[in-house]
Amino acid sequence: IDGEHNFLSEDGMSVEQRLSELGLTLPTPAAPAANYVPYVISGNLLVIAGQLPLGPEGIAVHGKVGDTVTVEQATEAARLCALNLIAQMKAALGGDLERVVRVVRLGGFVNCVDTFVDQPKVVNGASDLMVAVFGEKGKHARTAVGTNSLPFNVPVEIDAMVEIA
């Protein structure tokens with residue numbers, strides 16, 4: 001859009017066009033489930049609270065990876081978390097996803113059995129979606145951590161830090 005920020009992706013598509021091409025519809029951003037806000041803007045950083053795998057009917061999958069949830073199901077849940085992160089971005093940015101300069105970091109938490117070691121594979125569901133939607137601007141640093149429990153017995157929760165214009 002402008003010379004300094006060049007908001008259009010490498011292929012000349014806007015974020016909204018890319019979402020449409022991928023067949024994705026952003027959900028209504030989830031309200032906080034406790035005493036916190038869904039996002040905070042500080043300077044040029046947008047920090048988004050952990051998002052759960054919420055679909056149109058509520059939480060899309062419950063359970064522990066390596067027990068009642070497969071890696072494939074958890075990876076899809078992580079993708080859904082990422083879609084919810086993008087919905088929060090859009091809300092925080094007044095509907096203008098072109099203000100995303102860079103997805104800086106994702107924090108992925110995987111509710112899994114003690115012997116599970118494929119947390120990165122699960123969190124790839126979110127990472128892959130960020131790159132599919134934002135292109136080079138979607139490449140980020142991240143963590144992928146296993147935990148013994150998550151709220152509402154979801155298999156994955158993901159938070160984000162995003163640089164904005």
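Computed from a prediction, not measured in an experiment: that's the story for all the values here.
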Are any side-chain N or O atoms of [X] and backbone N or O atoms of [Y], one a donor and one an acceptor, separated by less than 3.5 Å?
X	Y	answer
Arg79	Gly125	no
Glu76	Gln73	no
Gln51	Ala49	yes

Tell me, do [X] and [Y] make a side-chain contact under 4.5 Å, heavy atoms counted?
X	Y	value
Leu46	Val104	no
Lys137	Val103	no
Arg102	Val162	no
Val133	Leu22	yes
Met161	Ile48	no
Ile164	Val101	no

[atom1]-[atom2] distance between [X] and [Y], expressed to the nearest 0.5 angstrom:
X	Y	atom1	atom2	result
Glu21	Glu16	CD	CD	13.5 Å
Leu129	Leu24	CG	CG	6.0 Å
Leu97	Leu19	CG	CG	6.5 Å

Task: All pairs passing side chain to side chain donor-acceptor pair (under 3.5 Å) where residues 29-46 contributes a residue, at least two apart - done: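 Qualifying pairs: none.
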Task: Pair listing, side chain to side chain donor-acceptor pair (under 3.5 Å) test, anchored in residues 113-135, at least two apart - done: Asn124-Arg142, Ser127-His140, Ser127-Arg142
If every non-hydrogen atom of [X] is compared with every non-hydrogen atom of [Y], which pair is closest and at what distance?
X	Y	value
Ala78	Ala126	O-CB, 3.5 Å
Gly146	Cys112	CA-SG, 3.7 Å
Ala74	Val65	CB-CG2, 3.5 Å
Gln88	Ala30	NE2-O, 2.9 Å
Ala77	Pro53	O-CB, 3.6 Å
Glu98	Ser14	OE2-CB, 3.3 Å

TODO: Please say which of Asp67, Val69, Val122, Thr75 ends up in a side-chain contact (heavy atoms from CB on, under 4.5 Å) with Pro155.
DONE: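 Exactly one candidate clears the test, Val69.
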- [ ] Apply side chain to side chain contact (heavy atoms under 4.5 Å, CB included) to Pro56 and list each qualifying residue two or more places apart in sequence or on a separate chain.
- [x]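 So Pro56 forms no side chain to side chain contact (heavy atoms under 4.5 Å, CB included) with any residue.
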Task: Counterpart residues, side chain to side chain contact (heavy atoms under 4.5 Å, CB included), relative to Asn153 (two or more places apart) - done: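 Side chain to side chain contact (heavy atoms under 4.5 Å, CB included) list for Asn153, sorted by chain: His62, Asn111.
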Linking I/L/V/M/F/W/Y whenever their side-chain heavy atoms sit closer than 4.5 Å, directly or via other members, would [X] and [Y] fall into one cluster?
X	Y	answer
Val100	Leu45	no
Val131	Leu26	no
Met89	Val47	no

Open item on the list: Between Leu85 and Ile158, does the side chain to side chain contact (heavy atoms under 4.5 Å, CB included) criterion hold? Intermediate values first, please.
Closed with: CA-CA 8 Å; Leu85 284 167; Ile158 300 177; 3.7 Å; yes
Task: Listed partners of Lys64 passing salt bridge (Lys or Arg N to Asp or Glu O under 4.0 Å), at least two apart - done: none
Task: Remaining members of hydrophobic cluster (4.5 Å side-chain criterion), Val154 - done: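 Under the 4.5 Å side-chain rule, Val154 groups with Leu52, Leu54, Ile59, Phe109, Val145, Leu150, Phe152.
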Open item on the list: Less than 4.0 angstrom from a charged side-chain N to a carboxylate O is my criterion; do Arg105 and Asp159 meet it?
Closed with: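 Yes, this pair counts.
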